[in-house]
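Position 1 is the first residue of the sequence; numbering continues from there.
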Amino acid sequence: MPPASVGTLFTPPPKDGNGVKVGIREAARTLVGFYRRHVRLMSADLACRVARSGLQLVIPMVALKVFQVYLPAGDISATGWAALVFATLAVASSAFEWCGTLWGQWLGFRIEAEMRERLFDHIERLPFAYFDRTKTGEILSRITGDLRQVGSTAHLMPEALVEIVLMLAGSFAVMFSLNVSLALWTLLPVPFILLFAASFQKRIHSVWRGNRQDAAAFSAHVENAVQGIREVKSFTCEDRERAAFRKVNDRFRLSFERMSSLYAPLNSGTQLMIEGYSLMYIALGAWMVAHGSATFGEVFAFYMYSRYVTMPMMRVVNFLDMFQQGIVGVRRYLEVLKEQPEKDSDGFSAAKNAKDAKVEGRIEFRGVRFCYPGTERDVLHIPSLDIPAGSVCAFVGPSGGGKSTIAALVPRFYDPSEGQILLDGRDTASLLKRALRSAIGMVAQRPFLFDGTIRENLLLGDPGADDARLMEALKGANLADFVGSLPDGLETPVGERGVRLSGGQAQRIAIARVFLKNPPILILDEATSALDTFAEAAVQEALGRLAKGRTTIIIAHRLTTIRHATMICYLENGRIVESGSHDELIALNGRYRALLALANSSSEQRERRWPS
């Protein structure tokens with residue numbers, strides 16, 4: 001397998017999109033497509049916004065009537081009724097605001113949830129090569145932070161657009177109906193304010209995109225540091241990790257400071273222009289009243305409507321900002337969706353036929369070469385290898401020889417660069433991966449346990465298994481007595497990555513899962529190399545029981561565990577240089593015998609250094 005990046009101090013920020021390019025227009029079309037799927041909720045939200053905007057436009061007309069007609073005429077009754085109408089309009093406006101806010105937020109939440117579900121579904125179908133080059137924190141950033149940003153934009157953007165258009169159009173319509181000359185003068189600065197705000201948009205998009213990349217790098221660093229906390233403490237390198245965190249944290253902080261450096265002139269400049277607009281309006285109104293070109297009531301009404309002009313112009317700035325944030329999030333979302341998922345051919349006519357096809361378990365390698373994506377050097381070259389059904393084939397040799405690569409090629413976690421791997425005479429490339437993998441059980445050196453209960457982890461092997469079958473599987477894995485002694489039994493939490501269990505206990509839960517799966521092919525990838533002697537003995541006994549009657553591939557460092565193997569293959573630099581039974585390889589007096597002698601010598605030296 002490709003080596004994982006070591007250390008967090010030298011972790012570079014993730015490359016955005018892994019080279020996949022998504023345009024702004026494509027991102028905008030994608031977002032609009034999600035609106036179409038929630039058209040009823042969006043229509044209800046926008047209807048509330050339209051009604052609220054209409055009511056707000058009527059309120060200044062009521063005030064104009066009071067100051068221009070009722071008060072000059074001394075009509076107190078009409079003034080009182082006008083006040084009641086004013087209050088009713090205000091309450092109705094607040095009610096529409098309440099409904100619009102509620103439904104608008106629901107719209108954003110549902111779009112966000114739908115996008116997150118679609119993204120997670122796609123991530124589950126991506127090949128291992130994607131996870132080799134993409135950090136976990138980067139994936140988490142895209143599925144949480146980016147889509148939270150998109151959800152907020154999806155909720156607020158259509159509301160803002162509707163209210164901006166209605167308030168500006170409605171306000172100027174009323175203002176032109178009251179006094180054309182004053183309305184023309186007050187309209188003049190609006191395009192300049194909008195152009196000023198628009199001039200910042202390209203830089204805002206770039207800054208937000210950089211911010212999301214830095215956020216992903218920050219998440220990846222923290223996730224890596226937390227997962228490696230035991231190593232950090234055991235090597236007493238807390239100071240080094242703090243320095244590393246300061247570095248990535250400073251990079252994250254600087255991205256926000258760059259954003260502030262851009263927003264400060266945008267907001268202050270827009271505010272200055274709007275204040276200047278208000279001053280111009282007051283001065284112009286006073287001049288026109290003094291010269292008889294406008295009445296005091298008209299100027300007062302204009303003053304109230306001017307709020308409905310200046311406030312939407314400020315919302316234009318916020319709208320453009322929301323748009324950029326949302327589009328950045330959608331682009332990063334689409335970049336993942338454009339990653340090619342694992343592909344299955346139609347070698348079987350239907351998934352059911354593939355699943356129901358009886359698997360004997362014979363595995364053949366024919367002219368297989370493999371190099372990891374993005375590299376050119378072969379890490380594996382096997383011209384020919386035949387593993388009969390029901391046999392045990394062990395692979396040994398120095399680290400980096402290609403042993404674990406074989407364990408990844410058989411279930412098609414990766415596909416060979418050249419050649420074929422056959423299962424019962426059929427090219428595995430012609431089989432549905434789901435069907436192929438259902439026929440294979442794997443036990444790794446460090447099995448992954450999900451943060452749940454023992455029951456939940458066991459049910460990965462067979463979701464329909466009852467308690468009796470679960471306990472039978474645990475018995476086969478030499479763990480039934482231990483689980484039975486726990487106060488909560490099968491409901492006992494295992495902790496994140498099985499941290500509440502010992503290594504041997506976690507390994508035997510992994511074995512019990514495979515007992516439940518009951519596959520015809522078994523792959524043991526150094527399944528006991530990380531265990532102590534006592535745990536290894538229990539696990540070896542369980543593995544022996546599990547391997548009975550199955551085609552078994554063993555990746556081993558401890559040679560004492562493979563003497564019983566039908567065939568042992570010595571791998572070096574990705575090639576099989578020796579193969580045969582244990583006795584045959586001993587008689588050959590080659591690399592395998594030298595490796596066995598070295599292992600025995602090391603064991604004797606350890607015993608002399610650590611006497612009992």
Side-chain angles (χ1 to χ4, degrees), residues 1-5 18 120-136 139 336 339-345 347-348 351 354-355 359 361 363-375 377-382 385 387 393 395 399-424 426-450 460-461 497 510 513-514 517 519-527 529 550-556 569 571 574:
M1 301 292 285
S5 58
N18 296 316
F120 183 81
D121 178 69
H122 186 74
I123 288 172
E124 286 282 292
R125 296 186 291 116
L126 289 177
F128 274 69
Y130 175 80
F131 301 98
D132 289 340
R133 69 174 187 265
T134 308
K135 291 179 171 59
T136 304
I139 297 172
V336 179
E339 294 284 348
Q340 290 299 313
E342 289 185 314
K343 293 182 178 179
D344 275 318
S345 69
F348 280 20
K355 184 177 180 180
V359 175
I363 300 172
E364 301 171 78
F365 287 69
R366 293 182 181 174
V368 171
R369 288 179 179 269
F370 179 75
C371 60
Y372 283 101
T375 65
R377 183 181 69 87
D378 284 343
V379 296
L380 196 69
H381 180 202
I382 302 180
L385 175 65
I387 304 174
C393 180
F395 292 90
S399 296
K403 301 185 296 297
S404 292
T405 301
I406 290 176
L409 288 177
V410 173
R412 289 186 64 196
F413 293 155
Y414 299 92
D415 285 322
S417 305
E418 293 181 16
Q420 297 175 306
I421 299 176
L422 307 180
L423 174 60
D424 295 341
R426 296 189 296 268
D427 188 349
T428 55
S430 70
L431 306 180
L432 294 170
K433 287 181 179 177
R434 186 178 183 87
L436 172 65
R437 292 169 185 170
S438 69
I440 299 172
M442 300 189 69
V443 181
Q445 179 180 2
R446 291 182 177 84
F448 186 92
L449 297 186
F450 290 90
L460 290 176
R497 295 178 175 267
R513 289 193 302 212
V514 181
K517 187 177 183 180
I521 300 170
L522 184 63
I523 299 177
L524 308 178
D525 190 356
E526 301 179 14
S529 63
R550 308 178 200 272
T551 304
T552 305
I553 294 175
I554 302 176
I555 311 299
C569 298
L571 272 174

Could you check Phe370 against Ile382 for side chain to side chain contact (heavy atoms under 4.5 Å, CB included), going step by step and ending with a plain yes or no?
-> CA-CA 9 Å; Phe370 179 75; Ile382 302 180; over 6 Å; no
Compare all side-chain heavy atoms of Tyr414 with those of Thr405 and state whether any distance is below 4.5 angstrom.
-> no
Flag, side chain of Arg550 to backbone of Pro519, donor-acceptor distance under 3.5 Å | yes
Between Val368 and Pro416, the two heavy atoms sitting closest are CG1-CB, 4.1 Å
Gln340 versus Tyr130: any side-chain heavy-atom pair under 4.5 Å?
-> no
When you measure from the side chain of Arg412 to the backbone N and O of Leu431, does any donor-acceptor pair fall under 3.5 Å?
-> yes
Please name the pair of heavy atoms, one in Asp424 and one in Gly361, separated by the smallest distance, quoted to 0.1 Å.
-> OD1-N, 2.9 Å
Val410 and Met442, any side-chain heavy atoms less than 4.5 Å apart | no
Non-hydrogen atoms of Ile123 and Phe131 that approach each other most closely | O-CZ, 3.3 Å
Is a side-chain N or O of Arg366 found less than 3.5 angstrom from the main chain of Gln420, in a donor-acceptor match?
-> no
How many angstroms lie between CG in Asp525 and OG in Ser404, if you round to the nearest 0.5 Å?
-> 4.0 Å
Please round to the nearest 0.5 Å and tell me the distance separating atom CD1 of Ile555 and atom CD1 of Ile523.
-> 8.0 Å
Nearest-0.5 Å distance, CD1 of residue Ile406 to CG of residue Leu385 | 7.0 Å
Straight-line distance of Ser438 OG to Leu432 CG, nearest 0.5 Å | 9.5 Å
Lys517 (side chain) donor-acceptor with Ile440 (main chain) under 3.5 angstrom = yes
Please tell me if the side chains of Arg369 and His381 come closer than 4.5 Å, counting only heavy atoms from C-beta onward.
-> yes
Do the non-hydrogen side-chain atoms of Cys371 and Arg377 ever get within less than 4.5 Å of each other?
-> no
Return yes when atom CZ of Phe448 has more than 12 non-hydrogen atoms of other residues, nucleotides or ligands closer than 6.0 Å, and no otherwise.
-> yes
Would you give the length of the straight line joining atom CG of Asp415 to atom CZ of Phe128, rounded to the nearest 0.5 angstrom?
-> 12.0 Å
Yes or no on side chain to side chain contact (heavy atoms under 4.5 Å, CB included) for Leu436 and Arg426, after CA distance, side-chain angles and deciding distance?
-> CA-CA 11 Å; Leu436 172 65; Arg426 296 189 296 268; over 6 Å; no
Residues Ile553, Ile363; criterion side chain to side chain contact (heavy atoms under 4.5 Å, CB included); working and verdict = CA-CA 10 Å; Ile553 294 175; Ile363 300 172; 3.9 Å; yes
Please report the C-alpha distance between Val336 and Thr134 in whole Å, then the side-chain angles of each, then the deciding distance to 0.1 Å, and finally whether the side chain to side chain contact (heavy atoms under 4.5 Å, CB included) criterion is met.
-> CA-CA 11 Å; Val336 179; Thr134 308; over 6 Å; no
Nearest-0.5 Å distance that lies between atom OG1 in Thr428 and atom CG in Leu422 | 7.5 Å
